[in-house]
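Below: one structure, written as structure tokens.
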Amino acid sequence: MIRIQDLNKISDYEWEIPKSYRQDMRVAVRLFVTRRLLEAALQDLSIEQAINAATLPGVVEPVVVMPDMHQGYGFPIGGVAATRYPNGVISPGAIGYDINCGVRLLASTIPLEAAEERLDDLANALNHYCPSGVGSEGSIHLTTAELDAVCRQGARWALKKGMASEEDLRRTEENGCLEGADPAKVSQRAKQRGMAQLGTLGAGNHFIEVDVVDQIFDGEAAAAMGLQEGMLALMIHCGSRGFGHQICTDYVQDLQSAVRRYGIQLPDRELVCAPLDSPEGQNYLAAMRSAANYAFCNRQILAYHARRAFEEVFAGSGLRWQLHQVYDIAHNMGKVETHEVNGRKLKVCVHRKGATRAFGPGHPELPDAYKPIGQPVLVPGSMGTASWVLIGTEDSMARSWGSTCHGAGRVLSRNKAKKDFRGERLRNELEQSGIHVRAGSMSGLAEEAPMAYKDVDEVVETVSGAGIARKVARLRPVIVIKG
DNA sequence: ATGTTC
């Protein structure tokens with residue numbers, strides 16, 4: 001087990017594990033943590049998993065972990081690993097089971113005071129229009145051909161169906177559609193699971209939240225995003241549902257043979273991978289991109305449903321209002337990107353698992369509205385606590401592969417949380433603190449108890465202190481919809 | 001996270 005004295009302290013917000021720590025490490029590991037969060041991380045296997053990632057063929061210095069890190073399947077949630085393209089490897093476990101799990105934020109022009117007495121109705125309407133829960137199905141049942149179109153087109157598919165605007169797409173990572181998706185590389189079983197789940201929320205830590213903009217930290221960036229203090233905002237946190245989960249399951253199994261065929265030495269079988277330039281690696285990439293596009297489309301359709309709920313509730317209110325997209329960004333994804341390494345451009349596959357892309361100002365991928373300020377980073381907190389809007393910086397580009405944190409990060413396992421907390425009691429406590437809660441499952445609610453998570457404000461303070469993101473706004477929840 | 005031990 002690694003001990004705190006095995007790490008080098010770089011600053012109050014940054015630590016390093018040198019590659020000399022273990023013989024099979026190819027590169028160092030950088031941890032963006034305070035001493036307190038480092039001590040929390042030492043309680044599980046997340047740091048060991050980051051060290052294991054530093055042994056991957058083609059990995060480029062450094063492997064990075066974020067302050068919200070915790071143990072995951074083969075690779076820490078909160079981890080970032082860049083591998084040379086196309087000579088390095090790609091690993092499904094370093095992207096996650098919920099491919100393109102991510103967050104979408106919409107900002108309204110409705111002041112909290114004007115909406116207060118309608119919040120209960122709004123919670124009901126959101127709960128009604130946005131199906132949630134494990135295995136939940138939506139109103140859309142796709143044919144195989146339509147599902148293939150969703151895989152290729154992502155959120156653009158929703159535009160064709162009248163459920164998106166061009167502006168929604170512009171304010172979505174990659175305009176809501178990754179190139180290179182190929183539904184022919186997706187199993188029939190995954191497609192079966194995906195056909196009826198488009199436009200559904202799912203369960204676990206996924207949620208739809210109505211927040212009030214509580215505090216602005218960067219006026220210029222907030223203005224560019226249309227965020228105003230005291231106004232309502234809508235946050236959607238979900239991913240690719242059973243579709244992406246099945247694709248990950250399929251390829252974790254599939255790629256075991258590639259590990260043998262290409263003679264890859266792995267410290268942990270769960271870190272299964274394949275060379276990016278192998279047929280196995282390319283097939284996974286094409287399937288992973290299909291799931292990513294499904295998730296972009298899923299969040300787009302959920303936003304469409306949510307707008308219908310707002311329209312229904314505020315129709316007779318006499319209010320003039322808008323609900324415009326701020327941004328949509330993934331935190332579980334593999335992306336082929338060009339980064340500057342030692343003064344040279346290098347093409348890499350950036351694995352982000354529980355880490356949010358955080359491109360700095362001027363990046364060509366950003367929409368014009370955000371080029372001057374940097375990319376919006378959307379950080380959901382644990383249930384009932386704050387959520388944050390941040391922006392990417394020059395430092396995130398230079399030091400963390402254009403990435404930052406993604407949320408609060410668990411400290412207790414789901415099983416432990418279910419034992420320690422009661423869903424009914426949590427719901428009552430949230431309601432008493434003025435948050436309207438709609439939850440499908442009380443045991444699911446217990447798993448998401450805020451006490452099972454780190455303090456999101458402390459996580460944000462750390463990335464902000466380290467310089468790999470800048471604070472824009474803090475949001476406070478008033479409605480929480482859970483599966 | 002997940003038709004939560006296909």
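Everything quoted here is computed from the prediction, not taken from an experiment. Residue numbering restarts at 1 for every chain, and letters A, B, ... go by the order of the sequence lines.
Put simply, CD on A:Glu137 is 15 Å from C1' on B:dT2, counting in whole angstrom units. For the pair A:Tyr73 OH and B:dT5 P, the interatomic distance rounds to 14 Å; values are reported in whole Å. At whole-Å resolution of the value, CD in A:Gln192 and P in B:dT2 are 18 Å apart. Separating the NZ atom of A:Lys416 from the P atom of B:dT4 is a distance of 25 Å, rounded to the nearest angstrom. When rounded to the nearest whole Å, the span between CD1 of A:Ile247 and C1' of B:dT2 equals 13 Å. Whole-Å rounding puts the A:Asn332 CG to B:dT2 P distance at 11 Å. As a whole-Å value, the separation of A:Asp98 CG from B:dT2 C1' is 9 Å. Between the NE2 atom of A:His245 and the C1' atom of B:dC6 there is a distance of 12 Å, rounded to whole Å.
Below 30°, between 30° and 60°, or above 60°: for A:His351 and A:Phe75 the angle between ring planes is between 30° and 60°, a tilted geometry.
Ranked by how close their nearest DNA chain B nucleotide is to the 5' end, A:Glu447 and A:Tyr97 are led by A:Tyr97.
Nucleic acid contact class of A:Arg189 (heavy atoms, under 4.0 Å, all strands): base. Within 4.0 Å of A:Gln253, counting heavy atoms only, lies no atom of the nucleic acid at all. Nucleic acid contact class of A:Glu448 (heavy atoms, under 4.0 Å, all strands): sugar-phosphate only.
Residues A:Tyr97 and A:Tyr73 place their aromatic rings such that the two centres sit under 6.0 Å apart. Ring to ring, A:His331 and A:His237 are close: their centroids are under 6.0 angstrom apart.
Side-chain contact, A:Ser400 with A:Arg30: no donor N or O sits under 3.5 Å from an acceptor N or O.
Contact check, A:Arg414 against B:dT4: no side-chain N or O comes under 4.0 Å of OP1 or OP2.
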